[in-house]
Amino acid sequence: MGYLKNFVLLAGLSAFVFTACSGDESSIVKVENSEGALVLDLDVKNIPDSILQSKELLNKYLGELVEEKNDAVSSSSNVIIGVNSSSDKGVDPVVLSSSSGLLPVVVSSSSAGEIVAPKPELLPPAGFYSDVVIPVPTPVHDGTVRCEVGGAEPTEESSELLEPLTISKNSVVRCYEFKDGAIVEKNTQTYFINESVSMPVVAISVNPSFFKNVYVDTRRCEGRDPYGCPGLMDETEDPIHVEFFENGSFSTAKTWEVDAGIGLMGNYSRTYPKKPVGIKIKKQYNEKKLKYSLFSTRPEVNKFRGFNLRNSGNRFVGDYIGDPAMTSIVEGSSVDYQRSRQVVVFYNGEYYGIHDLRERLNEHFVETNYGIDNNTVEVIKQKKDVVTPVAGDGSYFNTLLAFIGISDFSGYNNAAYEQVKTLMDVGNYADYIATQFYLQNADWPSNNVRAWRSPGQPFKFMLFDTDQSLGWQWVSDDFKSNTSGMFAWMRNDRGEGRTGPGYFANVYIKLRANPDFSRMFANHGAVMMNEYLTYDRLAASVEKLNAQIPDAEITRDMQRFPRSYGSTFYSNYSGGFDTRGAQILKNAVGRTEALREEYRKEFGLDSDIEVTIAAEGYGSVTIDGMKLPRSNYTGKFFGGNDMLLEAVPGVGIFKSWSDGSTENPRLVSPKDGDKFVAIFR
């Protein structure tokens with residue numbers, strides 16, 4: 001039997017919606033009168049396919065069966081249509097049709113046909129249909145229901161829906177119930193007609209004026225300075241309704257929905273025809289949080305106050321997955337980044353193509369991922385020597401920059417360096433810098449810097465906007481001519497003097513004078529290059545993202561938003577738009593080894609050595625404060641660089657090192673093949 005979509009039936013007895021399950025599941029149509037007497041009990045498998053394919057035939061077929069089974073049912077009787085499944089997967093929503101209106105009900109397979117009626121709805125459920133008829137909505141609160149088709153919110157001047165409305169193309173229908181001058185009920189539903197989408201779908205309903213005033217045609221300034229495009233950089237926010245369908249057009253119902261606000265985000269990326277937007281969930285929209293696990297990398301994280309829908313940023317003209325592929329390689333490290341997934345977006349039913357649904361890097365990111373009250377969090381972003389607060393007032397970060405700018409960090413046991421460690425997480429900083437260096441991010445460090453802190457937690461750095469990395473044409477001629485590597489780039493950012501006090505580059509330049517910092521920085525870099533900053537890790541990230549985007553969706557997106565100029569933005573590449581990220585991987589070949597040589601030159605280190613760091617019993621070992629990926633860890637480190645090892649007890653207590661030493665923490669000078677094992681009892 002083919003997949004049966006939702007049909008609205010007008011059976012001449014009482015209006016009701018019938019929904020059948022797909023596949024081989026046994027679906028039962030149960031029709032009862034208001035007294036609970038069974039009128040009809042029919043297995044859907046017994047209905048001929050030819051009838052299932054036509055709503056008119058199905059309407060007539062069921063109507064005749066109802067009349068045949070129970071002549072007592074009249075147009076004024078309450079009639080219940082239920083769908084029960086023998087599978088353990090549950091069933092689709094169905095509708096209770098009564099003289100008081102259409103009431104959605106859900107019949108669970110585990111409830112043996114028990115019908116539970118939730119809050120009445122003004123409209124049939126959103127979803128993917130072959131066609132659909134919207135019945136005249138019945139007020140829930142004895143008010144007046146007014147509706148709009150096309151995204152606008154209904155007002156008291158909007159029309160009433162006085163007769164059934166046939167939906168024959170993708171449409172948003174919004175019905176609000178008004179009573180005594182107030183809105184007492186809202187309902188927004190997006191109906192997709194004959195749509196086939198094999199990716200998660202985000203459906204946004206917004207007033208059409210949004211596309212006249214905000215999401216405007218920017219072809220005249222595409223790829224140019226966004227401030228030269230009048231109004232494009234205005235910070236505005238429009239109210240929207242968002243619906244999410246996890247399984248695309250295979251979804252039997254929307255997965256979740258929220259009221260929220262929307263505004264453009266980014267800089268140059270706003271100038272493209274597909275624009276990046278931020279979705280903000282606020283109390284003013286009567287929504288506190290979205291409670292859903294958005295990202296497979298952190299399934300336990302299921303409370304969000306917003307997300308971004310990104311257009312690939314500056315890589316809109318080059319590839320789909322560059323930024324999320326490059327940032328996600330740090331998953332599991334100390335470096336924060338925006339988790340993401342690929343989705344298809346519709347605005348008011350109109351297709352707007354593939355987007356990257358991502359976390360927002362603000363105070364709510366910290367609350368979501370760390371469980372820290374967002375009201376106590378400071379988040380900053382820095383461009384050149386200007387620190388802009390995202391949350392808080394930015395004063396703590398300015399204090400950090402000022403202190404570093406005036407301090408002398410040379411020599412061991414340096415008091416200024418000890419003070420810095422209370423202001424910023426130096427281990428996280430080392431991991432973050434190693435990642436930026438590996439990616440060869442040229443739109444940094446005098447741009448795209450983000451960090452956060454809270455009471456008891458010094459500043460942690462967030463990997464953000466790596467568009468201008470790994471083979472992308474650099475934003476600066478100075479970078480193209482710079483053959484000395486990323487350390488030299490840090491010391492001479494764009495050749496424009498962006499390295500003095502108050503600039504982010506100045507943090508490394510000043511701290512480099514401290515021997516404890518340098519030792520730690522090199523050891524952290526070694527572990528990062530062993531575990532995270534590798535070709536295999538990046539290739540796996542590219543493969544995972546590619547798996548989320550079927551070829552058919554790429555074809556449709558490219559037809560809607562043609563891009564043929566990828567070769568302009570990739571160095572040594574003439575293949576046009578790179579749909580699958582091949583150029584990212586091409587430019588990552590040998591990158592880890594090259595970066596090891598940069599570290600070796602910067603710190604005057606010897607050839608790589610293999611060292612084992614392990615724990616025996618209930619505990620672990622850190623290297624210069626860094627938690628290792630495994631309790632029994634063997635990796636490549638730089639010869640000639642000491643290590644500060646610390647045994648960290650779990651449920652037991654530290655006894656000694658395997659060589660008999662009880663010193664903890666312990667500074668060692670490793671040689672190739674050395675093993676350092678902490679014993680706990």
Side-chain angles (χ1 to χ4, degrees), residues 334-336 361-363 365-366 370 372 374-437 441-465 476 486-521 524 602 624-625:
S334 74
V335 183
D336 288 322
L361 288 181
N362 55 22
E363 68 274 25
F365 171 93
V366 179
Y370 290 91
I372 298 173
N374 71 86
N375 293 308
T376 68
V377 174
E378 177 179 328
V379 182
I380 64 89
K381 58 183 178 181
Q382 183 176 10
K383 183 173 184 178
K384 298 182 181 178
D385 59 348
V386 178
V387 174
T388 303
V390 176
D393 61 10
S395 60
Y396 279 90
F397 198 74
N398 280 315
T399 297
L400 169 65
L401 295 176
F403 179 75
I404 290 174
I406 64 173
S407 297
D408 177 7
F409 295 101
S410 60
Y412 291 97
N413 301 315
N414 184 285
Y417 180 56
E418 293 303 313
Q419 179 66 21
V420 163
K421 290 196 290 183
T422 69
L423 299 174
M424 61 180 272
D425 184 334
V426 293
N428 158 263
Y429 172 83
D431 302 343
Y432 166 81
I433 298 296
T435 306
Q436 297 280 20
F437 281 6
N441 188 357
D443 199 11
W444 172 90
S446 62
N447 192 22
N448 295 324
V449 172
R450 291 215 179 194
W452 70 270
R453 66 166 291 279
S454 66
Q457 171 60 59
F459 276 107
K460 288 193 69 178
F461 294 91
M462 312 161 98
L463 190 61
F464 172 69
D465 197 350
S476 167
M486 291 301 296
F487 286 99
W489 176 243
M490 178 76 93
R491 290 190 175 90
N492 186 32
D493 184 1
R494 305 171 194 255
E496 297 177 6
R498 302 180 184 182
T499 57
Y503 287 91
F504 184 67
N506 189 251
V507 174
Y508 177 81
I509 292 169
K510 294 297 295 290
L511 293 182
R512 173 65 179 87
N514 185 267
D516 291 322
F517 172 84
S518 298
R519 181 199 67 243
M520 177 277 299
F521 193 94
H524 275 242
E602 171 73 6
D624 280 283

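Using a 4.0 Å cut-off between charged side-chain N and carboxylate O, Arg512 and Glu602 make a salt bridge.
The backbone N or O of Ile404 sits nowhere less than 3.5 Å from a side-chain atom of Ser407 that would complete a donor-acceptor pair. No donor-acceptor distance shorter than 3.5 angstrom exists from the side chain of Lys381 to the backbone of Thr388, with no hydrogens or angles considered. Asp465 places no side-chain N or O within donor-acceptor distance of the main-chain N or O of Asn448, the cut-off being under 3.5 Å.
You'll find the side chain of Ile372 reaches within 4.5 Å of the side chain of Val377, heavy atoms only. Counting heavy atoms from C-beta outward, Pro445 and Tyr503 have side chains that stay 4.5 Å or more apart. Side-chain atoms of Arg491 and Thr499, non-hydrogen and from C-beta on, never get closer than 4.5 Å to each other. Leu401 is not listed as a side-chain neighbour of Asn506, based on a closest heavy-atom distance of 4.5 Å or more. Here the side chains of Arg453 and Leu423 are not in contact, with every heavy-atom distance at 4.5 Å or above. Between Val366 and Asn374, every side-chain heavy-atom pair lies at or beyond the 4.5 Å cut-off.
A distance of 8.5 Å separates CG in Asp393 from CG in Asn398, rounded to the nearest 0.5 Å. Between atom CZ of residue Phe459 and atom OG1 of residue Thr399 there is a gap of 8.5 Å, rounded to the nearest 0.5 Å. Between the CG atom of Asn414 and the CD atom of Gln419 there is a distance of 11.0 Å, given to the nearest 0.5 Å. Asn492 CG to Arg498 CZ: the interatomic distance, rounded to the nearest 0.5 Å, is 11.0 Å. Put simply, CZ on Phe397 and CZ on Arg450 are 12.5 Å apart, with the number rounded to the nearest 0.5 Å. To the nearest 0.5 Å, atom CZ of residue Phe521 and atom CG of residue Leu511 are 10.0 Å apart.
Across all non-hydrogen atoms, the minimal contact from Val390 to Leu361 is CG1-O, 4.1 Å. Across Asp408 and Ala416, no two heavy atoms sit closer than the pair O-CB, 3.9 Å. Nearest heavy-atom pair across Pro389 and Gly394 is CB-N, 3.8 Å. Closest of all the heavy-atom pairs between Met520 and Ala430 is SD-CB, 3.7 Å.
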Give the intermediate values and the outcome of side-chain contact (heavy atoms from CB on, under 4.5 Å) for residues Phe365 and Met462.
-> CA-CA 11 Å; Phe365 171 93; Met462 312 161 98; 3.6 Å; yes

Report the C-alpha distance between Val420 and Val426 in whole Å, list the side-chain angles of each, state the deciding distance to 0.1 Å, and finish with yes or no for side-chain contact (heavy atoms from CB on, under 4.5 Å).
-> CA-CA 8 Å; Val420 163; Val426 293; 4.3 Å; yes

Working for side-chain contact (heavy atoms from CB on, under 4.5 Å), residues Arg519 and Asp624 = CA-CA 8 Å; Arg519 181 199 67 243; Asp624 280 283; 2.8 Å; yes

Evaluate side-chain contact (heavy atoms from CB on, under 4.5 Å) for Asp443 paired with Asn441, printing each intermediate quantity in order.
-> CA-CA 6 Å; Asp443 199 11; Asn441 188 357; 3.8 Å; yes

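The aromatic rings of Tyr508 and Phe487 sit tilted relative to each other, their planes meeting at an angle between 30° and 60°.
Each of Tyr432, Trp444, Trp452 was evaluated against Phe461; a single residue qualifies, Tyr432, per the ring-ring contact (aromatic ring centres under 6.0 Å, His included) test.
Residue-environment remark: NZ (Lys460) exceeds the threshold of 12 foreign heavy atoms within 6.0 Å.
Listed by first and then second residue, the ring-ring contact (aromatic ring centres under 6.0 Å, His included) pairs involving residues 398-421 amount to none (not counting sequence neighbours).
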